[in-house]
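Input: a single structure, listed below in structure tokens.
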Amino acid sequence: EEALRELEATIARHPSFIPAQLMRRTIGGRDPEESPSPAGEGGGLPSWPAIWLEADEASSRARWNDAAAAYSKLLEPEMGSGEPFAGFALEARLGRGIAYLAAGEHVLAAGDFLRAEEEWRGSPAPSLLLGEAYLKMGDPRRAEEKFRSLWETTSFRDEVAVEASIIYN
């Protein structure tokens, strides 16, 4: 309930902040078919929120190639200088990698997860996803090395063990 109140306050202050609207939809029990409202002040929509919505919509409908293409647009240098919010590039890169993984493009997925792992050291998500990509590429030895290395270096050992076991099953 507290998280929902914070999200509502954020959305009230920044109505065009699409990630907050999507999070509210996810944890707030709202209808997944309900689309967030991208219109900001003056009815104009900056390009990144529209593309973010496109990526989310494609992902929610398991249109993985479309999702990957939309996330790719978010990662283009033409999107502007700097991130619109902290973690924007990480979320877009992981989103694209997940879409590639689901589409069977395991090598492309691994490339995104490798880059995310390099750029955001300390975050276990890129390494877990990279291990999953290695498994799907038919390289269980490399996946195990990735999971073991992550488990040995993270402060989130229990979470890593649980996630790795889910990936294996």
Nearest heavy-atom pair of [X] and [Y]: which atoms, and what distance?
X	Y	answer
Gly122	Pro124	O-CD, 3.4 Å
Gly131	Ala143	O-CB, 3.3 Å
Leu75	Ala89	CD2-O, 3.9 Å
Leu94	Ala125	CD1-CB, 4.3 Å
Ala70	Ile51	O-CG2, 3.3 Å
Ala68	Ala99	N-CB, 3.7 Å

Task: Close side-chain approach of Leu135 and Tyr168, heavy atoms under 4.5 Å - done: yes

Open item on the list: I want to check something: taking the side chain as every heavy atom from C-beta on, are Asp112 and Tyr71 in contact at a cut-off of under 4.5 Å?
Closed with: no

Open item on the list: Going by side chain to side chain contact (heavy atoms under 4.5 Å, CB included), Ser127 matches just one of Glu117, Glu163, Arg121, Glu132. Which one?
Closed with: Glu117

Determine, using the 4.5 Å side-chain heavy-atom cutoff (strictly less than), whether [X] and [Y] are members of one ILVMFWY cluster.
X	Y	value
Val160	Leu90	no
Leu114	Leu150	no
Leu129	Ile167	no
Tyr134	Leu101	yes
Trp64	Met137	no

Task: Plane angle bin for Trp52 and Phe88 - parallel if under 30°, tilted between 30 and 60°, otherwise perpendicular - done: tilted

State the [atom1]-[atom2] distance between [X] and [Y], to the nearest 0.5 angstrom.
X	Y	atom1	atom2	result
Ser149	Leu130	OG	CG	10.5 Å
Lys73	Trp48	NZ	CH2	15.5 Å
Ile98	Phe113	CD1	CZ	5.5 Å
Glu105	Arg96	CD	CZ	12.0 Å

Open item on the list: Taking side chain to side chain donor-acceptor pair (under 3.5 Å) as the definition, give me every residue that meets it alongside Arg148, ordered by chain and number, with sequence neighbours left out.
Closed with: Glu144

